[in-house]
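Here is the structure we will look at.
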Amino acid sequence: MATLRLLLSQARRHCLTKNPSQFHSPLSLTSHNRSFSSSESDSNPPTRTPFESVPIQPVSYPVKPKDPPPRPPVTEPSETAQSLRQQQPLPPQPADGPESGRAWTREEARYVKDSPSITPVSYPLRVAPLPEDKAAPAAEEKVNVEMEKERRRIEAEDQLRMRMVRAVEEEKMKVPFPMLIKPKQNEKPPLFDLTEAIRQVKANAKAKFDESVEAHVRLGIDSKRTELAVRGTVILPHGAPKAVSVAVFAEGAEAEEAKAAGADIVGGKELIEEIASGNNKLKVDKCFSTPGMAPHLGKIAQYLRKRRLMPDKKLGTLTSDIAGQLKELRRGRVEFKMESKAIVHVGVGKVSYTEDSLRENIGAFMNSLLLAKPAGLKKTSKYAGYVLSVHICSTMGPGLPVSIQSLSKAADNYTKVHLV
């Protein structure tokens, strides 16, 4: 601290020696003033240093008066109001009124100012002008006539355009040529009794040849399920509609029996070799085979299956009793099989047959169809869920739907007559 004080005193001395007028420390000024205050106190007033505080005198301001409440604007009275006021008598003034030198109060002035004044008001009568009173100028009448003509012309064009549009729409609706094919109706045709259906089939058969009578049955079985396939044979009591050519694969005594029964082609291994080599086309309707020749049919199995000629035990074509099977075939045995979409097609006679003969043949077919009903088809009734619809027709005639009840009666009648 002593060293710091020494440095400060030296620096102050150095500054005062060089230019005492440029720098004045507060201490030096006060000491200087104090030294001269005694000598100059009599002649000059004491001077204030810039570091001395100046006393602050309080300043008081007058209180600002509050603004008076705003008065409503005084509107100048209209001339009608002024005239009414002049006509109305003024209210009696107090004894000390204007004559006595006292002015009216505010309430008194408002009473005079706002006094109600109601007077009847009359308006001039307004009369509608007559046509002859108001005569339109000729130019205006001309403009009105032209506008009316233009309006009528536009309306006529609109009407013509609408007529053309309607005509085009009517032409679109009309059929340019008469319809030769009647539109299909969704209504189901009525069911025919079997006897009536046979009469209609015979009446509609107009071909030059003896047409066959066919039966088409739609079954309620899934065709994809092979275990439920329907397949069988039926011996028509009045003969089959078509003569059948037969080929028999047999050897020895069995071949001799087949020839005696009326087989068209009879052969053994030699016949099989000829068919396999392509030398024999085997143009027949049925093929029979003995069990001994069945192993040798493997060479031509594909050829026979394509033509539906492969002997089968279920159909009775693979049997040792060839003579008996050929006799049944000549008597009118017909095979039937369920095809795609669960439909069975079979021929039941000719148009030249009598109605009773066709009825018995159809009854025999329905009885065989019931016997071929799959065991996996669970239904309590004979036809419910199994036979959906039956149609009969001629070769060139339309199909006629037949009622299931009449077919059931025909099947029962055939059973009573031929099988009991």
Side-chain angles (χ1 to χ4, degrees), residues 189 191-207 209-219 221 229-246 285-286 308 314-317 325-373 382-383 386-419:
L191 297 177
F192 291 91
D193 185 78
L194 180 57
T195 305
E196 182 63 24
I198 292 172
R199 291 175 183 173
Q200 293 290 335
V201 169
K202 292 175 69 68
N204 293 328
K206 299 179 181 180
F209 60 93
D210 191 8
E211 300 182 30
S212 298
V213 179
E214 302 172 358
H216 307 275
V217 183
R218 187 165 64 91
L219 303 177
I221 300 175
V230 177
R231 192 171 187 178
T233 60
V234 57
I235 298 176
L236 300 178
H238 296 279
K242 182 180 178 181
V244 179
S245 57
V246 179
D285 299 322
K286 296 289 180 181
R308 297 182 181 182
K314 294 181 180 179
L315 297 176
T317 54
Q325 294 294 330
L326 289 178
K327 288 179 182 179
E328 290 184 358
L329 186 62
R330 299 304 181 189
R331 285 172 50 192
R333 192 179 72 175
V334 178
E335 298 178 2
F336 60 87
K337 181 181 178 181
M338 186 181 72
E339 299 179 359
S340 61
K341 299 183 181 180
I343 298 178
V344 176
H345 308 279
V346 65
V348 293
K350 291 284 187 177
V351 176
S352 58
Y353 291 4
T354 62
E355 295 181 7
D356 294 338
S357 299
L358 290 174
R359 182 181 177 87
E360 289 183 5
N361 282 357
I362 294 173
F365 165 68
M366 293 303 299
N367 182 63
S368 299
L369 188 65
L370 286 175
L371 294 176
K373 181 179 180 180
K382 294 190 298 183
Y383 296 96
Y386 178 47
V387 178
L388 301 181
S389 64
V390 179
H391 291 71
I392 62 173
C393 65
S394 60
T395 305
M396 305 297 290
L400 301 176
V402 185
S403 63
I404 303 296
Q405 292 79 4
S406 62
L407 292 170
S408 178
K409 290 179 182 180
D412 296 340
N413 189 22
Y414 170 79
T415 304
K416 292 177 183 180
V417 173
H418 296 276
L419 301 180

Checklist outcome for this item: Minimal heavy-atom distance between Glu211 and Ser394, with the atoms involved, is OE1-OG, 2.9 Å
Checklist entry - Do Lys202 side-chain atoms and Tyr353 backbone N/O form a donor-acceptor pair below 3.5 Å? => result yes
Can you give the donor-acceptor pairs under 3.5 Å from side chains of residues 358-365 to other protein atoms, not counting sequence neighbours?
from: Arg359; atom 1: NH1; to: Thr195; atom 2: OG1; distance (Å): 2.9
from: Glu360; atom 1: OE1; to: His238; atom 2: NE2; distance (Å): 2.6
from: Asn361; atom 1: OD1; to: His238; atom 2: N; distance (Å): 3.2
from: Asn361; atom 1: ND2; to: Val348; atom 2: O; distance (Å): 2.9

Next on the checklist: Show the nearest heavy-atom pair for residues Leu400 and Ala197, with the distance to one decimal.
Outcome noted: CD1-O, 3.7 Å
Checklist outcome for this item: Taken in chain and number order and not counting sequence neighbours, the residues that satisfy side-chain hydrogen bond (donor to acceptor under 3.5 Å, both in side chains) with Thr317 are none
Item to check | Contacts of Arg330 that satisfy salt bridge (charged side-chain N to carboxylate O under 4.0 Å, His left out) - sequence neighbours left out | outcome: none
Next on the checklist: Testing the basics here: between Asp210 and Val351, what is the closest heavy-atom pair and its distance to 0.1 Å?
Outcome noted: OD1-N, 3.6 Å
Next on the checklist: Tell me if a side-chain donor or acceptor on Ser212 pairs with a main-chain N or O of Thr395 at a distance below 3.5 Å.
Outcome noted: no
Checklist outcome for this item: Contacts of Glu335 meeting salt bridge (charged side-chain N to carboxylate O under 4.0 Å, His left out) (sequence neighbours excluded), chain-then-number -> Lys286
Checklist entry - Phe209 and Met396: which non-hydrogen atoms are nearest, and at how many Å? => result CZ-CG, 4.0 Å
Checklist outcome for this item: Contacts of Asp193 meeting salt bridge (charged side-chain N to carboxylate O under 4.0 Å, His left out) (sequence neighbours excluded), chain-then-number -> none
Next on the checklist: Is it the case that atom NZ in Lys337 sees more than 12 heavy atoms from other parts of the structure closer than 6.0 Å?
Outcome noted: no
Taking distance alone, no hydrogens or angles, what donor-acceptor pairs closer than 3.5 Å link side-chain atoms of residues 404-413 to residues at least two apart or in another chain?
from: Ser406; atom 1: OG; to: Leu194; atom 2: N; distance (Å): 3.3
from: Ser406; atom 1: OG; to: Ser403; atom 2: O; distance (Å): 2.9
from: Ser406; atom 1: OG; to: Ser403; atom 2: OG; distance (Å): 2.9

